[in-house]
Amino acid sequence: MVRRTNNNIDKTLDKISRSKETPKSAFILLMLLYGISMFLTMRTASAQGTVNFAGTEVNYSAFTGVFSALGNICIITLVIQFRRVGYIVSLILLVLQFPMMFISVFVRGNMGAISGFFSNILILGAVSIIYFSYRKILRYQYSVREQAITDRLTGLPNRFASCELMQDLIRRNERFAIVSIDLNDFKSINDTMGHDIGDKVLIEVARRWKELANSLTTDTIDFIARNTGDEYLLVISEFASEEDVEKTIDAYKTELEKKLTIDDFDLYLTACFGYSMCPDDSAVIDSVLLYADAALHEVKKTGNGSRVLKFTQDILNTERSLEIERKIRAALEEDTIFFHLQPQYDMNHRLRGFEALARMKDNDGSYISPVDFIPVAEKTGLVDRIDMCVFRKAMDFLDSISDYDSGVMLSVNVSVKHLMKNNFIEEVKNIIDTHNVAPERIEIEITESIMIDSAEKALERIDEVKSLGMKIAIDDFGTGYSSLSYLNSFPSDLLKIDKAFIDMMDQNDSSKKYVSMIISIGHVLDLKVISEGVESPEQIVVLKKIGCDYIQGFVWGKPMPPEEAEQLVVENKKEEATAY
Ligand code: C2E
Ligand code: MG
Ligand code: MG
């Protein structure tokens, strides 16, 4: 394509662009079609007689022009699709017809062939014009493409070119490694020695690595490109094992670490290398690139010197966790964590209360699920602040609806770790004291794990919560392994059956029996039981039959903003008033 040189990288780029050329089968098809149309042109030109065409008798010779035009279209398509080869073949085909036409006109006296003679000359002119103008366009296209795939400073292929190569490797089902490389301390070279020297360093590194890639001295086929700034990309293919990949990366590392002299300055460079494998890690280019970058960022965190790291899923989890942690800290700082309220009903669809569920928005306005941010908050010790933020705002809500005298309950989730902190009771008490709320209307939801992990201390803490007048709910019940004796000694008020068991009820009878058993145990222990995640009317029917007390689920209400919840309280109050 662009530049035909003897080196590996340019050859690879050539190969990529050639793979997009028209297939050879199209050439054969065009030739065949041309042959048939020429044969039919000659046959119809000399044929006598007529054919019935849509009710009219038409001379065979009337079709001669049609087949001749079809032949010309084949010739023009050959030139457009196969350029030089197509043009030469077209010339041969057209020129070869002249002797036949000459014989036809001057020897056999067939004057009708004169029109074919002129049409051949015209078509010769036309394909020549098409070919030469098309060549100009192609040359221009090539130069634009060359600019699009080349990095201006170093002359290496750029990120776009390496993506094209990867696309091609994926198309051919080839396994490859993508290595993201970042020079260490390049910023200080720029800052202390100036950008000119910085540029020369980048050019020299590119030259060395390009030479290595083209030397074919590694056991792999390598393609080096410049990404941005001091970042390079290396695509390694045709290796027998991952060991070969590591060896190749090592070769690039060694090449880089050799002394570099620029404008009389001796420099010793190092870099970090993060790599991922395609299709092992992913078969999507954006993802493998992202994974290689994630491995690079991870290895950069561990200090200076040359280091190599292969991508693993753990790296991604760490990256995502760090990102979420940053977002939680910002949201707490700006007090943008808020909550939604999901209604809970008794079996006759009368409002029992609401569960407050924490909500956090991403920069683009989408929600980050609490399933993602609560575990991170628990790990980083930020969950106390989230719990308290939701608790405080939920109390504002309870306070605001106190005028309706609705009697609704308000459940708030509290992480076990938070509950166990010494200042928990004091924090909660302070908030309650500054609001006009009745503690009996507040329910603290804690997960079942509390009974297993820290039973003794937890019991004390729960007693303190209860002494303030608040209620206790055991959340996600059934997912842990708490024993009956724990449950018996636990002064809770409500069991919340986890959605997983409600889902399973639809599938088999034994799950129905299991849920029925939890409800019975709850009742024996004098607890109320609520089913979480109820999504269908059929589930409600079953739950009614097996004696469930309350329902919380999308079937009767999704989590909603406090304004809508307030509206629901008002409507519920009106309905109650008309019922009496
Ligand atoms: P959870 O306490 O068990 O809350 C119930 C979850 O089930 C909520 O998810 C709710 O939206 C969802 N849900 C309820 N009904 C249905 C249903 O019919 N279908 C489906 N598919 N889902 C339903 P959400 O809001 O994503 O909360 C997830 C978990 O995050 C909560 O589970 C809770 O463990 C935790 N969480 C939420 N807010 C807080 C908080 O303020 N503090 C703490 N520590 N944890 C919280
Ligand atoms: Mg809950
Ligand atoms: Mg739950």
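Quick note: residue numbers are just sequence positions, from 1. Both ligands and their constituent atoms are indexed starting at 1 by order of listing.
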Are the side chain of S369 and the backbone N or O of V371 linked by a donor-acceptor pair below 3.5 Å? yes
Taking heavy atoms and a distance under 4.0 Å, where does P559 meet ligand 1: side chain, backbone, both or neither? side chain
Out of D475, D498, V534, who is nearest to atom 2 (O) of ligand 1 when you count heavy atoms only? D475
Below 4.5 Å, heavy atoms only, C-beta onward: do R226 and L202 meet side chain to side chain? yes
Structural part of E355 in contact with ligand 1, heavy atom criterion under 4.0 angstrom: side chain
In the protein, what heavy atom is nearest to atom 6 (C) of ligand 1, and what distance, to one decimal place, separates them? E532 OE2, 4.5 Å
Answer with side chain, backbone, both or neither: which part of K499 has a heavy atom less than 4.0 angstrom from an atom of ligand 1? side chain
Shortest protein contact, atom 13 (N) of ligand 1 (heavy atom only): F554 CE2, 3.8 Å
Hey, does R359 come in under 3.5 Å of ligand 1, counting only N/O atoms on both sides? yes
Should the ring pair H349 and W556 be called parallel, tilted or perpendicular, given that the plane angle runs from 0 to 90° and is split at 30 and 60? parallel
The Mg ion (ligand 2) and N413: any N/O/S contact shorter than 2.8 Å? yes
Please report the interatomic distance SG(C163) to CG(N158), rounded to the nearest 0.5 Å. 9.0 Å
What distance do D335 atom CG and C389 atom SG have between them, rounded to the nearest 0.5 Å? 5.0 Å
Closest non-hydrogen protein atom to atom 38 (N) of ligand 1, residue and atom name please, with distance? A358 N, 2.9 Å
Checking distances from the Mg ion (ligand 3), one finds that the N, O or S atom of E532 closest to it is OE1
Atom of D475 nearest the Mg ion (ligand 3) (restricted to N/O/S, atom name only): OD1
How far is atom 30 (O) of ligand 1 from the closest protein heavy atom, and which atom is that? P370 CB, 3.5 Å
Are N413 and E355 linked by a side-chain donor-acceptor pair shorter than 3.5 Å? yes
Suppose we only allow N, O or S atoms; which atom of E355 ends up nearest to the Mg ion (ligand 2)? OE2
Test of understanding: given a 4.0 Å heavy-atom threshold, classify the contact between Q539 and ligand 1 as side chain, backbone, both, or neither. neither
Is there a side-chain contact between L495 and L525 (heavy atoms, below 4.5 Å)? no
Could you tell me whether L357 and ligand 1 have an N or O pair separated by under 3.5 Å? no
Using a 4.0 Å heavy-atom cut-off, say whether V555 meets ligand 1 through its side chain, its backbone, both or neither. neither
Looking just at side-chain N and O atoms, do Y232 and D182 make a donor-acceptor pair shorter than 3.5 Å? no
First locate atom OG of S510, then atom CE of M505, and finally report the distance between them rounded to the nearest 0.5 Å. 12.0 Å
Atom 44 (N) of ligand 1 sits nearest the protein heavy atom D387 OD1, 2.9 Å
No-hydrogen, no-angle side-chain donor-acceptor test under 3.5 Å, T270 and N184: yes
Give the single entry among I551, V390, V371, N413 that approaches atom 39 (C) of ligand 1 most closely by any heavy atom. N413
What I want to know is whether Q552 and ligand 1 share at least one N or O pair that is separated by under 3.5 angstrom. no
F338 vs Y367 aromatic rings, parallel, tilted or perpendicular, using cut-offs 30° and 60°? tilted
Considering only the protein, which heavy-atom contact is closest to atom 15 (N) of ligand 1, and what is its distance? Q342 NE2, 3.0 Å
Which atom name does D476 have for its N/O/S atom nearest to the Mg ion (ligand 3)? OD1
Cation-aromatic face contact R352/Y550, 6.0 Å, 45 degrees: yes
Which is the closest N/O/S atom of E445 when seen from the Mg ion (ligand 2)? OE1
Given L543 and M347, is the side-chain contact (heavy atoms from CB on, under 4.5 Å) satisfied, shown in steps? CA-CA 9 Å; L543 290 167; M347 302 313 284; 3.9 Å; yes
